[in-house]
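Counting starts at 1 for both ligands and their atoms, in listed order. In what follows, residues are counted from 1 in the order of the sequence shown.
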Amino acid sequence: MPKKLEQLHEGKAKRVYRTGDSGLYLVEFKDDATAFNGAKKGTILNKGVLNNRISAVFFRLLEARGIPTHFVALVSDREMLVKTLEIIMVEVVVRNIAAGSLAARLGLQEGTVLPCPVLEYYYKSDELGDPMINDYHIKALNLATPAQMNKINDLALKTNEILREYLRDKDIELVDFKLEFGLHKEEVLLGDEISPDTCRLWDKKTFKKLDKDRFRRDLDNVEGAYEEVFKRLTGNN
Ligand code: TMP
C-alpha cells in the first residue's frame with residue numbers, strides 16, 4: 001500500500017493526500033456536512049465511513065460495467081486510494097425525477113417523473129456558488145473540449161442507467177445525482193464520490209428521503225438514512 005504523504009487539498013467533505021506513488025492519491029472522507037454553498041454547516045456522525053464504503057460499492061459496480069473511474073481500493077474505514085485526476089471544473093447533474101433546484105426553477109411538483117433523463121452542467125466554483133452553465137459556456141471558458149464533453153455525457157447517462165437499475169433492485173429510486181470527472185493521463189475518468197451526499201435517493205414505496213436532503217431540510221435521523229442506504233447495498237448492519 002503506498003504511503004500517505006502530505007495533504008494536497010481539503011474540500012467540504014473530503015481531504016486529498018499525495019502518496020508514495022505519483023499516479024495515486026489517497027482520499028479521506030470527513031463527517032462534516034455543508035449545504036447551500038457552505039451557508040449551513042454541521043456534522044453527520046459516521047458519514048465519512050458510510051460515504052467511503054457506499055462510493056466504493058458504486059465505483060466497483062460501474063467499473064465492472066465498463067465505466068472508467070478513479071477508484072483503486074478501499075484502504076481504511078474513511079480512506080480510499082484513487083488514480084490522480086486533474087478535475088474538470090464542470091459538475092454534471094443527471095435527473096430522473098423533478099426535485100430540488102429543478103422543481104423550483106421550472107415550477108414542477110417535486111416527484112414528477114421526467115419522461116427522459118435531464119443532464120445539467122454547473123461551473124465548479126464555490127466563490128460563484130456553482131452557477132448553471134451550458135456547452136457554449138464550457139467551450140468559451142475552456143473547461144473541457146467538445147470531445148471530452150461527448151465522452152462525459154455518454155458516461156453520465158450510462159452511469160445513470162446502471163445505478164438506477166441497481167438501486168431499484170434495492171427498493172431505492174435514484175431521483176438525481178451529481179458527478180465529477182477528471183483527466184488521468186489524458187483519459188476521462190469518473191471521480192469524486194457517489195453517495196447520499198451527492199444523490200437524491202428515495203425509498204421506492206414510501207418515498208422517504210434517504211440522502212442529504214434530510215440535513216438540508218432539517219429532517220430527523222440523517223445518520224439513520226445513510227446507514228439504511230449502506231445496509232440495503234451490502235446487506236450489512
Ligand atoms: P439540486 O437539485 O440542488 O440542483 O441538486 C441536484 C443533485 O446534485 C442532488 O442529487 C444533490 C447534488 N448536489 C451535489 O452533489 N452538490 C451540490 O453542491 C449540489 C447543489 C447538489
Q: Can you check whether Asp176 has an N/O within less than 3.5 Å of an N/O in ligand 1?
A: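 Yes; at least one N/O pair falls below 3.5 Å.
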Q: Tell me, yes or no, whether the heavy-atom count around Tyr136 atom OH, taken from other residues, nucleotides or ligands under 6.0 Å, exceeds 12.
A: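 No, because the 6.0 Å sphere around OH of Tyr136 holds 12 heavy atoms or fewer from other groups.
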Q: When you check the side-chain N and O atoms of Arg53 and Ser195, is any donor under 3.5 Å from an acceptor?
A: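 Distance-only check fails for Arg53 and Ser195.
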Q: What residue and atom, counting heavy atoms only, is the protein's closest point to atom 11 (C) of ligand 1, and at what distance?
A: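 Ranking protein heavy atoms by distance from atom 11 (C) of ligand 1, first comes Arg216 NH2, 3.6 Å.
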Q: Who are the ring-ring contact (aromatic ring centres under 6.0 Å, His included) partners of Phe59, not counting sequence neighbours?
A: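 For Phe59 the ring-ring contact (aromatic ring centres under 6.0 Å, His included) partners, ignoring immediate neighbours, are His70.
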Q: In terms of heavy-atom contacts, does NZ of Lys151 have more than 12 from other residues, nucleotides or ligands at under 6.0 Å?
A: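 No, the 6.0 Å shell around NZ holds no more than 12 heavy atoms from other groups.
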Q: Keeping Glu79 on the side-chain end and Phe29 on the backbone end, is there a donor-acceptor pair under 3.5 Å?
A: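 Such a contact is absent between Glu79 side chain and Phe29 backbone.
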Q: Suppose I only count heavy atoms of Arg200 and a 4.0 Å limit; which atoms of ligand 1 are within that range?
A: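 In order of numbering, the contacting atoms are 1 (P), 2 (O), 3 (O), 5 (O), 6 (C), 9 (C), 10 (O).
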Q: Kindly check if the number of other-residue, nucleotide or ligand heavy atoms within 6.0 Å of CD (Glu6) is above 12?
A: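 Buried by this count: over 12 neighbours within 6.0 Å.
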Q: Treat each ILVMFWY residue as a node, draw an edge where side-chain heavy atoms are under 4.5 Å apart, and state whether Leu233 and Leu61 are in one component.
A: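 Same hydrophobic cluster.
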Q: So which protein heavy atom does atom 16 (N) of ligand 1 come closest to, and at what separation?
A: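 Of every protein heavy atom, Lys178 CE, 3.7 Å lies nearest to atom 16 (N) of ligand 1.
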Q: Could you tell me, atom by atom, which parts of ligand 1 come under 4.0 Å of a heavy atom of Phe177?
A: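 Those of ligand 1 that fall under 4.0 Å from Phe177 are 10 (O).
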Q: May I have all residue pairs that pass salt bridge (charged side-chain N to carboxylate O under 4.0 Å, His left out) and include part of residues 126-148, sequence neighbours excluded?
A: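 Listed once each, the pairs are Lys12-Asp126.
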Q: Under 4.0 Å, counting heavy atoms only: does Glu120 come that close to any atom of ligand 1?
A: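 The answer is no, since Glu120 has no heavy atom less than 4.0 Å from ligand 1.
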Q: Specify the protein heavy atom at minimum distance from atom 4 (O) of ligand 1: its residue, its atom name, and the distance to 0.1 Å.
A: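 Checked against all protein heavy atoms, atom 4 (O) of ligand 1 sits closest to Ser101 OG, 2.6 Å.
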Q: Tell me, which protein residue and heavy-atom name are nearest atom 18 (O) of ligand 1, and how many Å apart are they?
A: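 Atom 18 (O) of ligand 1 sits closest to the protein heavy atom Asp130 OD2, 4.0 Å.
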Q: In terms of atom number and element, which parts of ligand 1 are under 4.0 angstrom from non-hydrogen atoms of Gly100?
A: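 Listed by number with element, the hits are 2 (O).
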Q: Could you check atom 17 (C) of ligand 1 against the protein and tell me its nearest heavy-atom contact, residue, atom and distance included?
A: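 Answer, as residue, atom name and distance: Glu91 OE1, 4.5 Å.
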Q: For atom 20 (C) of ligand 1, state whether the nearest protein heavy atom is under 4.0 Å away.
A: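 No; the ligand atom in question lacks any protein heavy-atom contact below 4.0 Å.
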